[in-house]
J.: 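This is the structure I have questions about; it appears just below.
Chain letters run A, B, ... following the sequence lines, proteins first and then strands; every chain starts at 1.
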Number of protein chains: 2
Amino acid sequence: MDNSAQIRVAATKLFALRGYEGVSLQAIADVVGVAKQTLLYHYPSKESLRRAVLNNVFEHWRRTLPAILQAVTSGKRRFSALTDELVRFFSSDRDRARLLARELLDNPEDMQRLIGENLRPWLLLLAEYIREGQKVGSIRADVDPESYVLHVILLVVANVANLSTLSMSLDTSGAASDAIERRHLKELARLARSALFVR
Amino acid sequence: MDNSAQIRVAATKLFALRGYEGVSLQAIADVVGVAKQTLLYHYPSKESLRRAVLNNVFEHWRRTLPAILQAVTSGKRRFSALTDELVRFFSSDRDRARLLARELLDNPEDMQRLIGENLRPWLLLLAEYIREGQKVGSIRADVDPESYVLHVILLVVANVANLSTLSMSLDTSGAASDAIERRHLKELARLARSALFVR
DNA sequence: CCTACCGATCGGTAGG
DNA sequence: CCTACCGATCGGTAGG
């Protein structure tokens with residue numbers, strides 16, 4: 001991995017942890033072990049580094065999208081697998097979810113464009129599948145297809161981004177934190193599933 | 001309203017919009033129309049201002065909590081009103097939701113404590129009501145009570161915090177943005193309700 | 001990729 | 001001795 005990629009990876013982690021404004025170029029350079037000016041050689045400004053980080057996250061998304069779509073449209077589990085696949089994608093690297101949750105708040109204009117380009121076509125396609133399910137009676141008639149899909153995605157992003165904080169608040173006994181996290185994500189999947197299908 | 005309160009109100013708005021690290025004391029002082037040093041007279045440090053802002057949000061929460069609990073535990077609509085009340089509380093001042101969404105990411109330790117003190121007792125109480133509903137058969141047996149309540153709260157906070165960004169991504173026709181927002185919040189309420197009750 | 005810097009602004013404190 | 005501020009400036013660090 002060359003320095004350019006190392007810088008991007010370090011920036012992703014730090015931006016996800018402390019936010020764009022909370023991270024100095026010097027802090028990123030220190031982690032990588034280069035001078036701050038080396039960083040500015042690869043990325044001419046802090047803002048260009050932000051965009052590289054964000055583009056990289058959506059690039060992962062585009063590469064993973066086909067697998068997620070396939071899980072939803074083929075086989076017998078169909079839509080039940082949607083939430084599982086989303087949870088898998090974001091859980092495999094929680095910084096992705098944290099970064100997106102932050103950028104939604106910090107950078108709504110850029111995110112609106114990126115959502116429009118990377119999420120919207122897929123969201124409309126899933127909504128169409130839901131409408132078909134409603135016609136044949138397998139999916140509840142009162143579901144708002146586009147809105148439902150958006151809620152499930154936001155719920156997954158928000159939960160994964162804040163999973164350790166939330167699971168602490170859930171703990172009643174002294175259960176292992178990853179067991180509580182699994183329990184919470186399981187209820188997420190149940191919630192999404194049972195709000196969609198006719199019993 | 002004295003200067004101390006004006007500063008807190010301005011800081012709340014700016015922290016919600018751009019985040020703690022993204023707002024300088026000078027920027028807050030400029031909005032209020034005082035010198036930065038006046039701000040530091042009322043709040044000895046930026047960190048103390050953050051805590052005052054956060055405490056104020058949770059103070060509102062504590063004052064509103066009884067009304068929300070009453071909506072849930074009395075009358076015939078019972079739990080259906082929970083989401084409505086939560087949406088009402090956060091929608092009445094979106095900066096509240098934005099601030100909480102940010103602090104969950106920026107300041108997880110403080111938020112864990114504040115959730116533990118202000119949310120947890122209430123969450124356990126609601127979970128108990130859900131368990132009673134499960135006994136009498138009105139609420140689905142597979143609901144995880146504590147986890148469910150946490151999901152609903154997080155879903156409301158995340159949606160209200162990002163409502164304008166999300167509604168833009170939902171828009172298919174040229175519908176008015178507040179109509180799209182209402183539609184999206186209506187589906188949120190339906191999702192929460194239909195995942196809880198036996199049909 | 002680094003050394004040597006800049007205009008400006010950061011959070012916080014001085015005396016009055 | 002107090003509350004409620006001010007203009008000026010502190011030592012450091014920001015992005016570039």
J.: In Å, rounded to the nearest 0.5 Å, how long is the span from CG of B:Asp106 to CG of A:Leu17?
T.: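 Result: 9.5 Å between the selected atoms.
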J.: Short of 4.0 Å, heavy atom to strand atom, which residues of residues 40-52 of chain B count as contacting DNA chain D?
T.: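 B:Tyr41, B:His42, in order of number.
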J.: Could you tell me the separation between the OH atom of B:Tyr20 and the P atom of C:dC10, rounded to a whole number of Å?
T.: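 Whole-Å distance recorded here is 14 Å.
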J.: What is the distance from CD of B:Gln26 to C1' of D:dT9, rounded to the nearest Å?
T.: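 The distance from CD of B:Gln26 to C1' of D:dT9 comes to 13 Å, rounded to the nearest Å.
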J.: Would you measure the distance from the C1' atom in C:dG11 across to the matching atom in D:dT9 and give it in whole Å?
T.: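 Pairwise C1' distance, C:dG11 against D:dT9, rounds to 13 Å.
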J.: Measure the distance from CZ on A:Phe15 to C1' on D:dG15 and round it to the nearest whole Å.
T.: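 That distance rounds to 12 Å.
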J.: Using whole Å, report how far NZ of B:Lys36 lies from C1' of C:dT9.
T.: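 Atom-to-atom, B:Lys36 to C:dT9, this comes out as 8 Å.
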J.: Restricting to salt bridge (Lys or Arg N to Asp or Glu O under 4.0 Å), what partner residues turn up for B:Glu47, sequence neighbours left out?
T.: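 B:Glu47 satisfies salt bridge (Lys or Arg N to Asp or Glu O under 4.0 Å) with B:Arg50, B:Arg51 only.
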J.: Name the closest nucleotide to the B:Ser24 side chain, picking from D:dG15, C:dG11, C:dC5.
T.: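 Of the candidates, C:dG11 comes closest.
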J.: Kindly write out the residues that satisfy ring-ring contact (aromatic ring centres under 6.0 Å, His included) with A:Tyr20, not counting sequence neighbours, or none if the list is empty.
T.: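 Only A:Phe15 meet the ring-ring contact (aromatic ring centres under 6.0 Å, His included) criterion with A:Tyr20.
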J.: Say we look at C:dG16 and D:dA4: how far apart would their C1' atoms be, to the nearest angstrom?
T.: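 The answer is 13 Å between these two C1' atoms.
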J.: What is the distance from CG of B:Leu25 to P of D:dC10, rounded to the nearest Å?
T.: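 B:Leu25 atom CG is separated from D:dC10 atom P by 19 Å.
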J.: Check the surroundings of atom NZ in A:Lys46: do more than 12 heavy atoms from other residues, nucleotides or ligands lie under 6.0 Å from it?
T.: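 Yes, NZ of A:Lys46 has more than 12 neighbouring heavy atoms, counting only those of other groups under 6.0 Å.
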J.: Of all residues at least two apart in sequence or in a different chain, which pass the salt bridge (Lys or Arg N to Asp or Glu O under 4.0 Å) check with B:Arg94?
T.: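 By the salt bridge (Lys or Arg N to Asp or Glu O under 4.0 Å) rule, B:Arg94 matches B:Glu181.
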J.: Rounding to a whole Å, what distance do you find between A:Gln37:CD and C:dC6:C1'?
T.: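 Rounded to the whole Å, the gap is 12 Å.
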J.: Hey, which sits more toward the 5' end of DNA chain C by its nearest nucleotide, B:Glu21 or A:Gly33?
T.: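 Between the two, 5'-proximity favours A:Gly33.
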J.: Rounded off to whole Å, could you give me the CD1-to-C1' distance for the B:Ile7 and D:dC5 pair?
T.: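 Atom-to-atom, B:Ile7 to D:dC5, this comes out as 10 Å.
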J.: Rounded to whole angstroms, how far apart are CG on B:Leu39 and C1' on C:dT13?
T.: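 The answer, rounded to whole Å, is 14 Å.
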J.: Under 3.5 Å, is there a donor on one side chain and an acceptor on the other for B:Gln26 and B:Asp30?
T.: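 A donor-acceptor contact under 3.5 Å links the two side chains.
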J.: How does DNA chain C look in dot-bracket notation if pairs are Watson-Crick or G-U with both distances under 3.5 Å, crossing ones as [ ], other-strand ones as |?
T.: ....||.|..|.|.|.
J.: Applying side chain to side chain donor-acceptor pair (under 3.5 Å) as the test, list every pair that has at least one member in residues 127-137 of chain A; sequence neighbours left out.
T.: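 Sorted pair list: A:Arg131-A:Glu146.
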J.: Heavy atoms from C-beta onward define the side chain here; which of C:dG12, D:dG16, D:dC6 lies closest to that of B:Ala35?
T.: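 Nearest to the side chain of B:Ala35 among the choices is D:dC6.
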J.: Mind checking ring-ring contact (aromatic ring centres under 6.0 Å, His included) for B:Phe89 and listing every partner two or more places apart, or none if nothing turns up?
T.: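 Per chain and number, B:Phe89 pairs via ring-ring contact (aromatic ring centres under 6.0 Å, His included) with B:Trp61.
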J.: Is B:Asn3 near enough to D:dC5 that one of its side-chain N or O atoms lies under 4.0 angstrom from OP1 or OP2?
T.: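 Checking D:dC5 against B:Asn3, a side-chain N or O does come within under 4.0 Å of OP1 or OP2.
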J.: Please report the distance separating the C1' of C:dG15 from the corresponding atom of D:dC5, rounded so that it comes out in whole Å.
T.: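 So the two C1' atoms sit 13 Å from each other.
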J.: Who pairs with B:Arg190 by salt bridge (Lys or Arg N to Asp or Glu O under 4.0 Å), at least two apart in sequence or on another chain?
T.: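 Checked B:Arg190 against salt bridge (Lys or Arg N to Asp or Glu O under 4.0 Å); matches are A:Asp142, B:Glu187.
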J.: Under the rule for salt bridge (Lys or Arg N to Asp or Glu O under 4.0 Å), what residues qualify as partners of B:Glu21, not counting sequence neighbours?
T.: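 Expected list: none.
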